[in-house]
S.K.: 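Sharing a structure with you now.
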Amino acid sequence: MHDGSGRIAVQNLTKQFGAVTAVQNLSFTVEPGSVTGFLGPNGAGKTTTLRMLLGLVTPTAGTATINGRPHHQLGNPARVVGAVLENEGFHPKRTARNHLRVYAAAIGVPDQRVDEMLGLVGLSPAADRKAGGFSLGMRQRLALATALLGDPQVLVLDEPSNGLDPEGIAWLRSFLRSFAQQGRTVLVSSHLLSEVEQTIDQVVIVSAGMTRYYGPLDQLRASQRSRVLVQPADANGLVTALQEAGLHQVEPTQDGRVAVSGATVQQIGDIAAKAGIAVYGMQEEKADLEQLFFQLTSPQYGAGATAYPPQQQPYQQQQEWNAPPPGYQQPGQPPQQPYQQTPPPGFQQQPGQQPGQQPGQQQGWGGQQ
Ligand SMILES: Nc1ncnc2c1ncn2[C@@H]1O[C@H](COP(=O)(O)OP(=O)(O)OP(=O)(O)O)[C@@H](O)[C@H]1O
């Protein structure tokens, strides 16, 4: 039997498709009570990993377990883990309600739960429409309703925001958070950090099938270092004055400015004034999380790659002042900072929440697409 912990554990997981190594020695843990983002660029190996976790693809090496067991040993898996995968297939001639009824019967869940789940995901008005005519967003909702039928402890979602309208995305966000606050486990994949940033508290970043970082999102945020760009009358003089004042992360830039890390605008201004060096301007810069994400995943593309969105700074320009965060994993090395083994804050069941009650049942997705 499984251990009932709600923990997902991926250990040294590898999947080889012929000459293609989709996943390479991947290791991470997802604890209950949290929403964990599984992030990486296209082709990073996210879907393959999730499919191995769900018993749909056989690993070449390593293990992927839920509650300490591989998927095929979970007994009634729909009661343990619900999943929404990409390109979910529905019988096109079957109505949403009938689709759910067939599935409910297969897993031994009463029909009443079908209508509850349709209401939960905002599909009640479309319950008797055929799934073949559904929009992408409606299919995502139907897939989520299917995943939730068995009242699972663990939810695994592959790019669930695809096709959802802004209202649907906001609803999904609050649903996942309240689901996790009940002490359940959520693993959600995305290729866009910005898409899940407000939802997740833990993050696993992969590229080229390998873990680049895993740990709390707050820790990743805290690792972002800001720098101040100073425009002085005498750049060499300012560098010397700053170094004499004990600042060591000081570098002249090619355009005659001085880049300073580890000091405030006020400290730099005071040191310049004391040294009698005129300062014509100062600009504080902070790398955003998205840039850090590109930096962490850039090994998949190599130097000079075109995979960055045009508005992003290339990795090389960021690298000089944006050191890898504490959980950064060098390719081929084990993670520096393993995922915390203790449940994070918010693990407790919400006050007034009945065991087994679905979070946010009164809520809906609002307008239909
Ligand atoms: N059945 C398969 N046969 C051969 N190669 C595969 C198969 N499934 C995946 N791959 C390859 O494995 C690599 C990882 O693919 P995967 O779909 O897991 O990435 P992903 O991170 O989910 O990407 P995306 O964000 O685009 O969905 C890719 O190079 C892909 O072409």
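Order of appearance sets the numbers: ligands from 1, and atoms from 1 within every ligand.
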S.K.: Give a yes or no on whether a salt bridge exists between Arg97 and Asp111, defined as a side-chain N under 4.0 angstrom from a carboxylate O.
M.R.: no
S.K.: Side chain to side chain contact (heavy atoms under 4.5 Å, CB included) with Gln254: which residues, sequence neighbours excluded?
M.R.: none
S.K.: Do you see a donor-acceptor pair shorter than 3.5 Å between the side chains of Asp128 and Thr95?
M.R.: no
S.K.: Considering only residues two or more places apart or on different chains, which pairs with a residue in residues 257-273 satisfy salt bridge (charged side-chain N to carboxylate O under 4.0 Å, His left out)?
M.R.: Asp255-Arg257
S.K.: Pairs of nitrogen or oxygen atoms, one from ligand 1 and one from the protein, closer than 3.5 Å: please tabulate them with distances.
M.R.:
from, atom 1, to, atom 2, distance (Å)
ligand 1, 18 (O), Thr48, N, 2.9
ligand 1, 18 (O), Thr48, OG1, 2.5
ligand 1, 19 (O), Gly45, N, 3.1
ligand 1, 21 (O), Ala44, N, 3.0
ligand 1, 21 (O), Gly45, N, 2.9
ligand 1, 21 (O), Lys46, N, 2.9
ligand 1, 21 (O), Lys46, NZ, 2.9
ligand 1, 22 (O), Thr47, N, 2.8
ligand 1, 22 (O), Thr47, OG1, 2.7
ligand 1, 23 (O), Gly43, N, 2.7
ligand 1, 25 (O), Asn42, ND2, 3.2
ligand 1, 25 (O), Lys46, NZ, 2.9
ligand 1, 26 (O), Asn42, ND2, 3.0
ligand 1, 26 (O), Gly43, N, 3.4

S.K.: Could you report the tightest heavy-atom contact between Thr253 and Ala259, atom names first, then the distance?
M.R.: CG2-CB, 4.0 Å
S.K.: Output every pair passing salt bridge (charged side-chain N to carboxylate O under 4.0 Å, His left out) with a member in residues 187-200, not counting sequence neighbours, ordered by first then second residue.
M.R.: Glu197-Arg221
